[in-house]
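Structure, as structure tokens:
When reading the values below, keep in mind they use all heavy atoms of this one structure, side chains included, and skip hydrogens, waters and symmetry mates.
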Amino acid sequence: MTYLFISDLHLSPEHPRLVRGFLDLLVHYQNKQTQLYILGDWFNAWIGDDYSAPWLDEIIEALKDFNKKGNRVYFQVGNRDFALNQIFLNKFNGVLLPDIYYLNIAGHQYRLEHGDALCTDDVSYQRFRKIIRNPLLVAFLRRTPLSFRTKLVNGFRKRSSADKQQKSYEIMDVNEQAIISALEDADILIHGHTHRPAIHQVQAKQRIVLGDWREDQAYILEIDPSSNMQQLELVTWNY
């Protein structure tokens, strides 16, 4: 069994190389009895489960083939695709995980999350996150026309880009105390969101940050319980 962790792919029709990189990843791991965990921002934006397009249909068909080989796909929402739910995942027998999920591998307790909730120093973002992730608001938006949601998402993306230009890297990074709290009930924390791939030592524990997907490579995490579990390393996935 292989455990594979990825995040921040930001797939969209505007970046076909990223889509191809993900499809190639599925082919590469489909015969390895893989549990694939996608920790948010799988898509650059998610406007609703009623959206369809040829590029997305190709992904769905590839995921069906992936699962037919005995593999499983698990997904946590990110800040770009928080509206994605089980309805979409049912198309290929995927599983929606809660925002915080604990996974035990070979006696080690892993905590999985997207990572944006750990950036507590970014007060304005956390305030916006609390509003936009409100279940009542999300349910309401799902009932609005697809064209309206498309305009809304484009507006959010422009606002997000403008906000990032005015904030320091430190504010947008994770908070140290938030990390310590997150590791209270886990040995290893795995998250994405910050686009700063690295493995950090936190006292006697570890924090593993997955990388965002660029035009030709990404940093992902592969865990094989039969190998040396003391030497976890990020893997460079080239496509």
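- Between Tyr219 and Trp237, the distance from one ring center to the other does not fall under 6.0 angstrom.
- Remark: Lys151 engages no residue in a side chain to side chain contact (heavy atoms under 4.5 Å, CB included) (not counting sequence neighbours).
- In this structure, Tyr101 and Tyr110 have side chains that are not in contact, with every pair of non-hydrogen atoms separated by 4.5 Å or more.
- Under a hydrophobic-cluster definition in which Ile, Leu, Val, Met, Phe, Trp and Tyr are linked whenever side-chain heavy atoms come within less than 4.5 Å, directly or via other members, Tyr102 and Leu39 are assigned to different clusters.
- Two residues are said to be in side-chain contact when any heavy atoms from C-beta on lie closer than 4.5 Å; His15 and His10 fail this criterion.
- Note on Leu141 and Ile87: separate hydrophobic clusters, where clusters join Ile, Leu, Val, Met, Phe, Trp and Tyr whose side-chain heavy atoms are under 4.5 Å apart, directly or indirectly.
- A pairwise comparison of heavy atoms in Ile59 and Leu23 identifies CA-CD2, 4.0 Å as the closest pair.
- Ring planes of Phe5 and Tyr3: parallel class, angle under 30° (limits at 30 and 60°).
- In the hydrophobic cluster analysis, where Ile, Leu, Val, Met, Phe, Trp and Tyr join through side-chain heavy atoms closer than 4.5 angstrom, Leu103 is grouped apart from Ile100.
- Residues Glu113 and His193 have side chains that never bring a donor and an acceptor to within less than 3.5 angstrom of each other.
- Hydrophobic cluster membership is shared by Phe148 and Ile132, with clusters built from Ile, Leu, Val, Met, Phe, Trp and Tyr side chains linked at under 4.5 angstrom.
- Between Asp8 and Arg214, no side-chain nitrogen of the basic residue sits less than 4.0 Å from a carboxylate oxygen of the acidic one, so the salt-bridge criterion is not met.
- Applying the side chain to side chain donor-acceptor pair (under 3.5 Å) criterion to Glu14, with sequence neighbours excluded, gives Ser12.
- Counting heavy atoms from C-beta on, the side chains of Ser181 and Ile179 never come closer than 4.5 Å.
- In the hydrophobic clustering, where aliphatic and aromatic side chains (Ile, Leu, Val, Met, Phe, Trp, Tyr) are joined below 4.5 Å either directly or transitively, Val27 stands alone.
- Between Arg17 and Asp216, none of the side-chain N atoms (NZ, or NE/NH1/NH2) sits under 4.0 Å from a carboxylate O, so this pair counts as no salt bridge.
- With respect to the salt-bridge test (charged N to carboxylate O, under 4.0 angstrom), the residues Arg111 and Asp187 do not qualify.
- Looking at heavy atoms from C-beta onward, Val174 lies in side-chain contact with Arg207 at the 4.5 angstrom threshold.
- A donor-acceptor contact closer than 3.5 angstrom links the side chains of Gln201 and Gln206.
- Of the N and O atoms on the side chains of His114 and Asn79, at least one donor lies less than 3.5 Å from an acceptor on the other residue.
- Note: the hydrophobic cluster containing Leu118 does not contain Val209 (ILVMFWY, side chain heavy atoms under 4.5 Å, direct or indirect links).
- Side-chain polar atoms of Tyr37 and Gln76 form no donor-acceptor pair below 3.5 angstrom.
- With sequence neighbours left out, the salt bridge (Lys or Arg N to Asp or Glu O under 4.0 Å) criterion links Asp121 to no other residue.
- Judged as a salt bridge (Lys or Arg N to Asp or Glu O under 4.0 Å), and not counting sequence neighbours, the contacts of Arg20 are Glu58.
- Side-chain contact between Phe43 and Leu9: absent, with no pair of heavy atoms (C-beta onward) separated by less than 4.5 Å.
- Side chains of Thr236 and Asn238: a donor-acceptor N/O pair is absent below 3.5 angstrom, by distance only.
- Few gaps surround CD on Gln109; more than 12 heavy atoms of other groups in view lie less than 6.0 Å from it.
- The salt bridge (Lys or Arg N to Asp or Glu O under 4.0 Å) search around Arg129 returns Asp116, not counting sequence neighbours.
- Among Leu36, Asn67, Asp65, the one residue that satisfies the side chain to side chain contact (heavy atoms under 4.5 Å, CB included) test with Leu26 is Leu36.
- Only one option out of Leu136, Val138, Thr144 pairs with Phe140 in a side chain to side chain contact (heavy atoms under 4.5 Å, CB included); it is Thr144.
- Counting only heavy atoms from C-beta outward, the side chains of Phe75 and Leu97 never approach each other to under 4.5 Å.
- Using bins of under 30°, 30° to 60° and over 60° for the plane-to-plane angle, the ring pair Phe92/Phe88 lands in the perpendicular bin.
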